[in-house]
Structure formats: structure tokens, C-alpha cells
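Below, chain A is the first sequence line, B the second, and so on; all start at residue 1. This structure is a prediction, so every number in the text was calculated from the model and none was measured.
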Number of protein chains: 2
Amino acid sequence: MTQDTGGPRPVPTLEMVAALAGVSRATVSRVVNDSPSVDPELAQSVKKAILALDYTPNRAARSLAKRRANAVTLIVPESTSKVFADPFFASVVQGIALFLTDTEYTLNMVISSESKPEKTRSFLLGGNVDGVLVVSHHSGDHSWTHLSGSLPMVFAGRPLVGGRESYYVEVDNEQAAYSATRQLTDSGRRHVATIAGPQDMPPGIDRLAGWRTAVREAGLAEGLVEVGDFTLASGARAMHRLLDRGTPIDAVFVGNDQMAAGAYTAIQGRGLRIPEDVAVVGFDDDSFATSVTPALTTVHHPIIELGKKMAETLVNLIEGKPTERVTRMPTSLVLRDSV
Amino acid sequence: MTQDTGGPRPVPTLEMVAALAGVSRATVSRVVNDSPSVDPELAQSVKKAILALDYTPNRAARSLAKRRANAVTLIVPESTSKVFADPFFASVVQGIALFLTDTEYTLNMVISSESKPEKTRSFLLGGNVDGVLVVSHHSGDHSWTHLSGSLPMVFAGRPLVGGRESYYVEVDNEQAAYSATRQLTDSGRRHVATIAGPQDMPPGIDRLAGWRTAVREAGLAEGLVEVGDFTLASGARAMHRLLDRGTPIDAVFVGNDQMAAGAYTAIQGRGLRIPEDVAVVGFDDDSFATSVTPALTTVHHPIIELGKKMAETLVNLIEGKPTERVTRMPTSLVLRDSV
DNA sequence: TTGTAGGCGTTATCAC
DNA sequence: GTGATAACGCCTACAA
């Protein structure tokens with residue numbers, strides 16, 4: 001039962017506002033773009049007219065005139081889209097969207113089907129977009145880099161190779177892993193193992209490096225390493241391998257929370273207690289961290305912030321403002337009950 | 001070391017194509033929009049010119065001329081964005097994006113900050129968008145419905161209230177829950193409990209209803225119900241309550257896989273075996289299903305398909321093609337090792 | 001400070 | 001079938 005007052009009211013145009021306010025279109029335009037040089041009184045009446053008509057500038061017309069799309073697009077590599085449910089990805093997108101909401105840029109998304117990359121390419125280069133964001137978390141895959149000469153572009157995560165020229169935002173995985181491990185060594189654990197992520201992905205590599213530095217500093221063994229693939233199941237298997245070695249283990253730093261959840265099942269399945277027998281520290285602070293018992297001590301990512309930062313960097317790039325090429329987001333260790 | 005052939009080549013325009021092909025802009029336009037009436041030979045040479053220049057139509061100009069945005073926007077209610085990592089949400093978006101990739105519509109996303117809904121509103125009504133998609137999975141919240149008079153709009157999930165007029169796509173939760181439970185009763189289980197989702201969300205309500213019908217048909221007790229909130233922890237607690245009742249239980253249908261994972265810890269923590277002592281069936285077929293041991297028998301959602309269907313419905317609506325108001329997607333039971 | 005006028009790249013309506 | 005030409009809604013010198 002919607003109240004219909006004579007069909008859909010036509011979308012108001014700048015011209016209609018001008019008519020209503022009794023000024024020229026140029027003036028209205030100035031008001032809309034808050035140009036400094038416009039009589040305050042006039043500006044007021046124009047604003048009133050705008051409100052009265054509920055006028056919104058037409059994006060297409062504006063883009064056409066300014067030769068600016070006022071849009072940035074998020075490229076989702078098809079490979080990523082398979083793990084689209086990756087909480088990291090989701091949060092990054094959320095951060096991006098949140099930042100852009102307060103700007104004049106619109107966010108649009110394309111899934112770059114590998115079948116026809118040239119379609120994506122020409123869309124991007126066709127002047128329909130002012131900048132590009134690429135989320136390639138784990139893989140470190142920075143294809144598309146070749147476009148960065150033609151279009152501002154910001155990546156999430158350190159590139160696996162190259163990337164000497166690409167702009168990107170990442171969390172300081174190594175530093176975070178180091179602190180997490182220090183938490184273990186400082187509290188007196190002497191047999192600190194690690195379950196690392198894949199060694200062909202920056203996060204896997206860097207977190208392992210951080211662990212290594214910490215155990216070395218503490219004068220502990222550097223051999224207690226097993227590698228998983230960031231899945232819960234792989235974490236369980238890796239933990240079993242660690243425990244099967246016969247060497248004592250009283251703590252483990254795990255490359256992400258999902259694997260940590262797997263490690264929990266392995267540890268507790270053998271009748272060992274957390275943290276009494278084995279302390280566990282994870283990485284990510286995702287939903288697993290608080291849903292397992294005991295609650296997991298883990299490294300918190302500011303992922304949403306990372307997304308915001310990506311968007312901010314891109315906008316700066318677009319508007320020619322000075323910007324850091326690489327931004328490293330700080331992390332923090334969240335102490336819970338597993339250490 | 002990018003090969004720079006004299007700065008960024010200016011974006012080719014329709015006019016340039018016309019010049020190169022030696023025809024008028026009108027003709028090029030016709031070719032681009034493959035109008036029927038154009039000499040095949042001419043069309044060929046025009047196409048060649050397009051390829052040679054790597055011409056892409058300017059979206060803004062096109063929109064302006066056609067008075068069509070060629071864009072649909074996905075509204076993410078801020079409440080949803082908090083559970084942005086919801087795998088359901090992620091997959092729906094993926095489906096939407098996949099469908100739109102093959103159309104002339106662009107997908108853009110806005111997070112409707114509740115702080116300034118009128119901004120979102122005027123953006124949508126300002127002629128910048130041809131249609132709107134709203135994902136409100138769990139909540140069943142169909143605010144924005146009021147816009148459906150002015151703009152084509154499609155929702156994901158059955159609305160909690162009203163929705164007599166809204167277009168939406170959903171999975172048949174009740175039917176799926178019924179089949180899942182039938183699997184249990186048909187295989188001889190006589191004490192079939194359920195852990196239901198929140199009773200103020202359509203999926204929670206409908207899945208419970210499906211379970212109820214099945215146990216009733218089988219002549220079993222209808223009282224073995226505990227309610228959770230779709231989280232792993234709540235599933236564990238609910239399972240414990242069920243087990244604490246003292247009544248025998250040899251099977252349980254759980255409202256989603258996350259809660260099922262929780263139920264696993266409760267069951268196995270008490271030394272009971274799955275499926276020998278208690279059979280478990282979940283719902284969602286998300287990553288939990290295969291990462292737990294034994295692998296979980298669960299209901300598979302065609303979530304990506306649901307997203308595609310939403311987009312398809314919206315496009316039909318926009319283009320005035322006939323369309324069903326509500327589409328129910330079929331589900332399937334994936335048999336694994338937990339029954 | 002304000003208005004006039006031309007142009008942004010396409011589509012659409014005409015004649016031809 | 002093809003080509004001028006006028007919109008589409010807005011911005012921006014330039015002139016007043």
C-alpha cells in the first residue's frame with residue numbers, strides 16, 4: 001500500500017534547482033562543489049532548493065564533464081573467490097567500503113575470470129575507473145602489476161616476488177610472530193615449537209621467520225617446525241607430528257587460528273592439557289579464538305583498518321597526494337587462557 | 001622496467017574509431033551495440049578499428065545518453081557488516097558478481113551506515129543505479145522495502161515480516177531440514193533431537209519446522225529441542241543440555257555446521273562415538289563439514305547459485321522481463337560419515 | 001560574484 | 001543502410 005502521488009517523480013536535475021532558486025546552473029554547480037566564491041546568501045537559497053527537490057548530482061554527467069569516474073574497483077582474482085569466505089578477505093572489503101563511504105568514490109567489484117582477462121583489462125583502462133584495489137592475501141600474487149603504470153593500484157599483502165614498485169598495505173607478520181613467541185619464551189617455556197603456514201606465501205614465510213628469531217634469541221632449539229596449509233585439519237596433523245617426535249614440547253606458536261584449533265584437538269585428544277602441558281598461541285584472532293576452550297591467546301590483526309588504509313592510499317594516489325608506498329599495520333597480542 | 005611508449009596513451013573514443021574506420025560515429029555506435037541494420041562489410045572494418053585502438057565505450061557517456069546507469073548496487077546493512085565474514089554472505093556476493101560479469105551491469109557496494117541513511121537513499125534514488133540487491137540473510141530484515149516502489153529491488157532470504165511485495169530468493173530451509181531429518185529417521189534412529197537456530201530468524205524457524213514435521217511423521221517425540229545462536233560455542237552448550245536431559249538420544253539434526261562442530265566436541269567429549277552412539281546431520285556444508293572427524297553429513301546450499309539468481313531476477317526486473325517474485329532454490333543432502 | 005556558452009563521449013532522431 | 005545533429009546533465013573557462 002505505497003502512497004503513489006502520480007507516478008515516479010522525475011529525478012531532479014541541476015537545472016531544476018537553478019530554476020527554483022532563481023539562479024544560473026553555474027551557480028548551483030558552484031554550490032554543489034562548494035566553490036569558495038559564491039555569495040553566502042545565494043548559497044543558502046540554493047541549498048534550500050536542493051533540499052526541497054532532494055537533488056542528487058548525476059554521477060554519469062559529472063564523470064563525463066570532469067573526466068573522472070569517481071569510482072575505484074576491487075579486483076577479486078578468481079582464485080581468491082574460491083576462498084571468498086576467507087574472513088581476511090571479507091574484513092578487508094569491509095574496511096575498504098567503510099572508508100569509501102565517506103568519500104566521493106564509489107566502490108565496484110569485479111571477479112576477474114581468468115577466461116577473459118582482457119575484458120577486465122579494457123574495462124579498467126577504458127577510463128571507467130580511477131583506481132584499483134587488489135586483494136590477494138595468501139598468494140602474494142601481484143599479477144595486474146603491469147597495469148600500475150597506467151592506473152593507480154594498491155595491493156593487500158606483500159607481494160611474493162617483485163613488488164618493488166607496487167603500493168601495498170600489510171600487517172607486520174614477522175614482528176607479530178616474534179612478539180607472540182616472545183610471550184612464550186618469556187614465560188619460561190623451553191620447548192617452543194611452531195606450526196607454520198605454507199612456505200610459498202608471505203604470511204607463512206614471515207610468521208615462521210618471526211618465530212625463529214624469538215627462539216634463537218632465547219637460545220632454544222630451532223628445529224621444532226612443522227608446516228601446515230592454514231586449514232584446521234592440517235593443524236591437527238602437524239601437531240600430531242610434533243608430538244610424535246618424542247622430544248618434549250611445552251609450547252607451540254601456530255601460524256593461524258584455524259590451525260590452532262586443529263592443534264587443540266590433537267593436544268587434548270592425547271590427554272594433554274592447555275596451557276598446563278602445552279601453551280598455544282595463534283594468529284588472526286578470528287572467531288575460533290574465542291570459541292575454543294580454553295580461549296586462545298592470539299595475534300590480533302587490524303584487518304578492517306588495513307582495508308581502510310588501502311582505500312586511503314589509493315585515494316591519495318588518485319588525487320596526487322604524497323603517499324607511502326608500503327604501509328605496515330601494527331598488530332597486538334590478545335592474552336587469553338591458552339598460555 | 002615497464003616499457004613506456006611515450007606516456008599514457010589517451011583513452012580512445014568512439015570518434016577516433018570512426019575516423020580510423022572512415023565512417024560516422026553513428027555507425028560505430030551501431031556496431032558497438034550490434035544493431036541489425038549495418039552493412040556486414042562496414043561492420044567488419046569498424047570492428048577491426050575497435051580492436052586496433054582497443055576501444056572501450058565510456059560508461060559515463062553511455063549512461064548519460066541512455067539514461068541508464070547500467071549499475072546495480074549491493075546494500076550491506078551495517079549490522080550485516082559486523083558478520084561480514086559470514087560465509088553465506090560472501091558466497092552470495094560471489095554469485096552476484098559472477099552473474100553480473102557477463103552482463104552490461106556493474107556491481108557496486110555500499111555499506112549503509114545507519115548514521116546517514118538519507119545519503120544512501122538519495123544516492124540510490126538519484127538515478128545512479130538501476131536496481132538494488134539486499135543481503136540480509138539471518139535477520140530477515142527487509143527495511144529498504146519502501147524503496148521498492150521506486151527502484152527494482154531483490155532480497156536474499158525470506159523476510160521476517162511483510163514481504164508481500166518484495167522480490168526475494170531463498171533456499172527451501174524447511175524442505176531441506178525435513179529431508180535431513182528423514183535421513184535420520186529412515187535409517188532407524190528413534191531418538192532424534194535438534195539444535196535449532198534463533199527463533200527470530202527465518203532460517204532458524206524454518207529448519208526447526210522441517211525437523212518437526214519429519215519426527216512427527218515418524219511418530220517420534222517432538223520435545224528434544226534446544227536452541228542455539230548459530231555459533232560453535234552455542235552448539236556445544238545446546239548439545240550438553242540435550243545430553244543432560246537423561247532421555248536417550250541417538251541422533252541430532254543441527255541448524256548449521258558451526259553449531260554441529262560444537263555438538264561434536266560435546267558428544268565426543270563425553271566419550272560417545274559419532275555416528276555409532278549419536279548420528280549428526282548439519283546444515284550449510286561449509287568448511288567445517290569436511291574439517292571435522294568424522295566428516296559431517298550436511299545439507300548443501302547452492303549459495304552461489306542463489307546469488308546468481310538474485311542478480312538474474314534483478315536484471316529481469318530492470319529490463320521489464322517477466323519474473324517470479326519469490327524463487328526457492330533446491331538443496332541437497334551430502335552424505336558423509338556422521339550418520 | 002555571477003552568468004554565458006561550449007564541451008565531455010554516446011545514443012537517438014531524423015533526413016538522406 | 002548511413003550520416004548529420006541534437007540531446008543527456010554537469011563542469012568550467014571566459015566574459016560581464
### Query
Please give, in whole Å, the distance from D/dG1 P to B/Asp34 CG?
15 Å
### Query
What residues, two or more places apart in sequence or in another chain, satisfy salt bridge (charged side-chain N to carboxylate O under 4.0 Å, His left out) together with A/Glu319?
A/Lys321
### Query
Listed by chain and number, what are the side chain to side chain donor-acceptor pair (under 3.5 Å) partners of A/Arg328, not counting sequence neighbours?
A/Glu170
## Note on the structure
To the nearest angstrom, the CD-P distance between B/Gln44 and D/dT2 comes to 13 Å
### Query
In degrees, rounded to 10°, what is the bend between the two ends of the helix from C/dT1-D/dA16 to C/dC16-D/dG1, using five pairs at each?
40°
#### Entry: Check: B/Arg59 main-chain N/O paired with A/Asn128 side-chain donor or acceptor under 3.5 Å
yes
### Task
Grab the CG-P distance between B/Asn33 and C/dT13 for me, whole Å please.
13 Å
### Query
What nucleotide, of D/dT2, C/dT10, D/dC11, holds the atom closest to the side chain of B/Arg62?
C/dT10
### Query
Is it true that a side-chain atom of A/Arg25 and a backbone atom of A/Leu14 form a donor plus acceptor pair closer than 3.5 Å?
no
### Position toward the 5' end of DNA chain C (nearest nucleotide), B/Val32 or A/Ala65
A/Ala65
### Task
Look up atom CG in B/Asn33 and atom CZ in B/Arg62, then write down how far apart they are to the nearest 0.5 Å.
5.0 Å
## Note on the structure
B/Asn58 has its side chain closest, among D/dC11, C/dG9, D/dT2, to C/dG9
### Query
Taking only residues two or more places apart in sequence, or in another chain, which ones meet B/Glu324 in a side chain to side chain contact (heavy atoms under 4.5 Å, CB included)?
B/Thr327
### Summary
Rounded to whole Å, CE of A/Met16 lies from P of D/dG9 at a distance of 10 Å
### Message
Any heavy-atom pair between the side chains of A/Leu314 and A/Tyr167 that's under 4.5 Å?
### Response
no
### Query
A/Leu14 has an atom CG; how far is it from atom C1' of D/dC11, in whole Å?
9 Å
### Message
Go nucleotide by nucleotide along DNA chain D from the 5' end; which of B/Leu64 and B/Ser37 gets its closest nucleotide reached first?
### Response
B/Ser37
Dump every N/O contact between nucleotides 3-6 of chain D and the protein below 3.5 Å, one line per pair.
residue: D/dG3; atom: OP2; partner: B/Ser24; partner atom: N; Å: 3.3
residue: D/dG3; atom: OP2; partner: B/Ser24; partner atom: OG; Å: 3.2
residue: D/dG3; atom: OP2; partner: B/Thr27; partner atom: OG1; Å: 2.4
residue: D/dG3; atom: N7; partner: B/Arg30; partner atom: NH1; Å: 3.4
residue: D/dG3; atom: N7; partner: B/Arg30; partner atom: NH2; Å: 3.3
residue: D/dG3; atom: O6; partner: B/Arg30; partner atom: NH2; Å: 2.6

### Message
Could you tell me how far apart A/Lys66 (NZ) and D/dA13 (C1') are, to the nearest whole angstrom?
### Response
15 Å
### Message
Has B/Asp39 got a side-chain atom pairing as donor or acceptor with B/Glu41's backbone, closer than 3.5 angstrom?
### Response
yes
## Note on the structure
note: A/Tyr55, atom OH; D/dC10, atom C1'; distance rounded to Å ~ 7 Å
Output a table of donor-acceptor pairs, distance under 3.5 Å, between side-chain atoms of residues 43-51 of chain A and any protein atom two or more places apart or on a different chain; print 'none' if there are none.
residue: A/Ser45; atom: OG; partner: A/Leu42; partner atom: O; Å: 2.8

### Query
For B/Arg68 and C/dA12, what is the distance between atoms CZ and C1' respectively, to the nearest whole Å?
15 Å
